[in-house]
J.: 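Before we start, here is the structure in question, set down as structure tokens.
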Amino acid sequence: MNQTKSELRKKLLKQRQAMTVEEWQQKSDRISAHLQTSPLFTQSKTILAYFSFRQEPDLSSLFTDTQHRWGLPRCVGKSLIWHSWQPGETLQKGNYGILEPHPDAPILEADRVDLILVPAVACDVRGYRLGYGGGFYDRLLSYTDWVFKPTIGIVFDFACLPQLPIEDWDRPLQAICTEYGLRK
């Protein structure tokens, strides 16, 4: 693996931004459709998700599903705080320009969470992910309460690579979902 994480991140973000809105939405809808038929998803009651940022796969079509309770992150310092959220509840832009729940929204503790849908710049076939470099998800998934939670990395197929450079603190995800389906 010759490229550094930052070189790889830059290249893949550029590739993601180059997609047309139609292509982005079609691929996002296919990812959502694959998630909806996955046992990991259907057997979960409370699912942590995200709102698309920088043309990440858009999962908002899943939020109309009333069988699940949803949680969305708020960036506080170097940590992610998860809040209960339902469609129709207001969101606000956080420090990074990402839509987040209101700070007063009920907090979701780890013991109530069944599945985490993890945004990524890239994932590899072993389940390792390349994020934006802030370490928010790496820290979260290393905490005792969160370490055994089922996780699915969400990426477009071009960003699902044979191998990523990894560090000691990187934690593999249980599965990866692209527009072509779920891989474990």
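Small disclaimer: the values here were computed from a predicted structure and weren't measured. Both backbone and side-chain heavy atoms feed into the values below; hydrogens, waters and symmetry mates do not.
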J.: After noting the C-alpha distance and the side-chain angles of E100 and R74, does the key distance pass the salt bridge (Lys or Arg N to Asp or Glu O under 4.0 Å) rule?
T.: CA-CA 5 Å; E100 300 179 338; R74 211 166 50 83; 5.2 Å; no
J.: Could you walk me through whether I154 and Y50 pass side chain to side chain contact (heavy atoms under 4.5 Å, CB included), step by step?
T.: CA-CA 10 Å; I154 310 295; Y50 63 90; 3.3 Å; yes
J.: Supply the atom-to-atom distance H102 NE2 to L72 CG, rounded to the nearest 0.5 angstrom.
T.: 14.5 Å
J.: Do F51 and V118 sit in one hydrophobic cluster, given that two such residues count as connected whenever their side-chain heavy atoms are within less than 4.5 Å of each other, even indirectly?
T.: no
J.: What about L8 and I166, same hydrophobic cluster or not, with Ile/Leu/Val/Met/Phe/Trp/Tyr joined at side-chain heavy-atom distances under 4.5 Å?
T.: no
J.: Minimum heavy-atom separation for G153 and L173, please, with both atom names.
T.: CA-CD1, 3.4 Å
J.: Indicate the ring-plane relationship of F156 and F158, choosing parallel, tilted or perpendicular according to the 30° and 60° boundaries.
T.: parallel
J.: What class does the angle between the rings of F136 and Y96 fall in, given that below 30° is parallel, 30 to 60° is tilted and above 60° is perpendicular?
T.: perpendicular
J.: Please report the shortest heavy-atom distance between F41 and Q36, naming the atom on each side.
T.: CD2-CA, 3.8 Å
J.: Let me check something: do L91 and L108 share a hydrophobic cluster, defined by ILVMFWY side-chain heavy atoms less than 4.5 Å apart, either directly or through other members?
T.: no
J.: Under 4.5 Å between side-chain heavy atoms, counting indirect links through other Ile/Leu/Val/Met/Phe/Trp/Tyr residues: same cluster for L141 and I176 or not?
T.: yes
J.: Once you round to the nearest 0.5 Å, how far does OG1 of T178 lie from CG of D157?
T.: 4.5 Å
J.: Given the rule in the ring-ring contact (aromatic ring centres under 6.0 Å, His included) test, do H34 and Y180 qualify, once you have shown the distances and angles that lead to the verdict?
T.: CA-CA 8 Å; H34 290 302; Y180 295 114; 8.1 Å; no
J.: Is the backbone N or O of P119 less than 3.5 Å from a side-chain atom of R129, with the two atoms forming a donor-acceptor pair by type?
T.: yes
J.: Look only at the side chain of T46 and the backbone of R112, and say whether a donor-acceptor pair between them is shorter than 3.5 Å.
T.: yes
J.: So which heavy atom on R16 is nearest to which on E56, and how close?
T.: NH2-CG, 3.5 Å
J.: Can you tell me if Q43 uses its side chain to pair, donor with acceptor, with the backbone of L40 under 3.5 Å?
T.: no
J.: Hey, mind stepping through K5 and D170 against salt bridge (Lys or Arg N to Asp or Glu O under 4.0 Å) and telling me if it holds?
T.: CA-CA 12 Å; K5 282 186 174 185; D170 290 329; 3.0 Å; yes
J.: Where do P162 and V125 come nearest, in terms of heavy atoms and distance?
T.: O-CG2, 3.4 Å
J.: Within a 6.0 Å radius of atom CD on Q92, are there more than 12 heavy atoms belonging to other residues, nucleotides or ligands?
T.: yes
J.: Taking 4.0 angstrom as the limit, do D124 and R183 come out as a salt bridge?
T.: no
J.: Closest heavy-atom contact between Y128 and L164?
T.: O-CD1, 3.4 Å
J.: For E167, does the CD atom have more than 12 heavy-atom neighbours from other residues, nucleotides or ligands under 6.0 Å away?
T.: yes
J.: When you measure from the side chain of W85 to the backbone N and O of E89, does any donor-acceptor pair fall under 3.5 Å?
T.: yes
J.: For the residue pair W82 and Y137, categorise the inter-ring angle as parallel (less than 30°), tilted (30 to 60°) or perpendicular (more than 60°).
T.: perpendicular
J.: Counting N and O atoms only, with roles assigned by atom type, does the side chain of Q25 sit under 3.5 Å from a partner on the main chain of E22, one being a donor and the other an acceptor?
T.: no
J.: Any side-chain to backbone donor/acceptor pair from D114 onto I47? Under 3.5 Å, distance only.
T.: no
J.: Please tell me whether V155 and L35 are part of a single hydrophobic cluster in this structure, the criterion being side-chain heavy atoms less than 4.5 Å apart.
T.: no
J.: Report yes or no: does Q55 contribute a side-chain atom to a donor-acceptor pair with the main-chain N or O of M19 at less than 3.5 Å?
T.: yes
J.: Charged N to carboxylate O below 4.0 Å: is that the case for K11 and E7?
T.: no
J.: Test L99 against F53 for side chain to side chain contact (heavy atoms under 4.5 Å, CB included), laying out the working first.
T.: CA-CA 8 Å; L99 288 176; F53 178 68; over 6 Å; no
J.: Could you give the distance from NZ (K149) to CG (D111), rounded to the nearest 0.5 Å?
T.: 6.5 Å
